[in-house]
Amino acid sequence: MEICMKKYLLLWALLVVPGAYGQSRLDVAFTWNISHRCSPVSPEIRLKDIPSGTTTIRVKMTDLDQKDDDHGGGDISQSEPFGGSFTIAPGALKAYKGPCPENFTTLGHEYQFNVTSLGADGKPLAVGSAKAAFSAKFVILQGLLKSP
């Protein structure tokens, strides 16, 4: 009976207690515009479900088609903890290198923003990611073409 109770408690902790055996999930969203091509100005990134106690948001962009190409990112820190949602302003990621696929006019590449929320002690509290293709065709089909 004691073993059954331990299994039940472990299952309960995994299902009910967020972060008991891992971090919570952040909701991450962004939209590509044609102006992001080869630009050092990062797009607006919208975050939800930021856990209480988060004082730093760490962002890194990865080219999923060419993983050895470093696109950087950056940290956004505040002295007061972030609220449940936050929008990272365009250009806020200072160590960012925008998408610049050599095949932009055809297939392009797929890019992913990986986001980690950190507490004041520097430990991860939550993680999340969002990905999207970046090509002329994708941007135009999504109706996102904006004149400079």
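Since we're looking at a predicted model, the values are computed, not measured.
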Any idea which heavy atoms bring [X] and [Y] closest together, and the distance?
X	Y	value
Trp32	Ala132	NE1-O, 3.4 Å
Ser42	Ala92	OG-N, 3.5 Å
Pro51	Leu125	CG-CB, 3.7 Å

Exercise for the section: Indicate yes or no: does Lys60 engage Asp70 in a salt bridge with an N to O separation below 4.0 Å. Expected result: yes
Handout entry: Electrostatic pair Asp69-Lys97, nearest N-O below 4.0 angstrom
Key = yes
Compare all side-chain heavy atoms of [X] with those of [Y] and state whether any distance is below 4.5 angstrom.
X	Y	answer
Leu47	Val115	yes
Ile57	Ile88	yes
Pro99	Met61	yes
Pro43	Tyr96	yes
Tyr111	His71	yes
Ile50	Phe86	yes
Ile45	Thr87	no
Lys131	Leu64	yes

If you round to the nearest 0.5 Å, how far is [atom2] of [Y] from [atom1] of [X]?
X	Y	atom1	atom2	answer
Lys123	Thr56	NZ	OG1	15.0 Å
Ser85	Leu26	OG	CG	11.5 Å
Arg46	Asp27	CZ	CG	9.5 Å
Ser117	Asp49	OG	CG	10.5 Å
Asp75	Leu118	CG	CG	7.0 Å
Phe82	Ile76	CZ	CD1	7.0 Å

Practice task
Not counting sequence neighbours, which residues clear side-chain contact (heavy atoms from CB on, under 4.5 Å) with Ser129? List them please.
Solution key: Arg25, Gln112, Asn114
Practice task
Go through Asn103 and His109 one step at a time and tell me if the side-chain contact (heavy atoms from CB on, under 4.5 Å) criterion holds.
Solution key: CA-CA 8 Å; Asn103 60 349; His109 286 189; 3.4 Å; yes
Practice task
Just do the side-chain contact (heavy atoms from CB on, under 4.5 Å) check on Phe134 and His36 with the steps written out, would you?
Solution key: CA-CA 9 Å; Phe134 186 73; His36 291 129; 4.3 Å; yes
Practice task
Dump the intermediate steps for side-chain contact (heavy atoms from CB on, under 4.5 Å) on Glu110 and Gln66, then the final yes or no.
Solution key: CA-CA 9 Å; Glu110 189 168 38; Gln66 195 167 345; over 6 Å; no
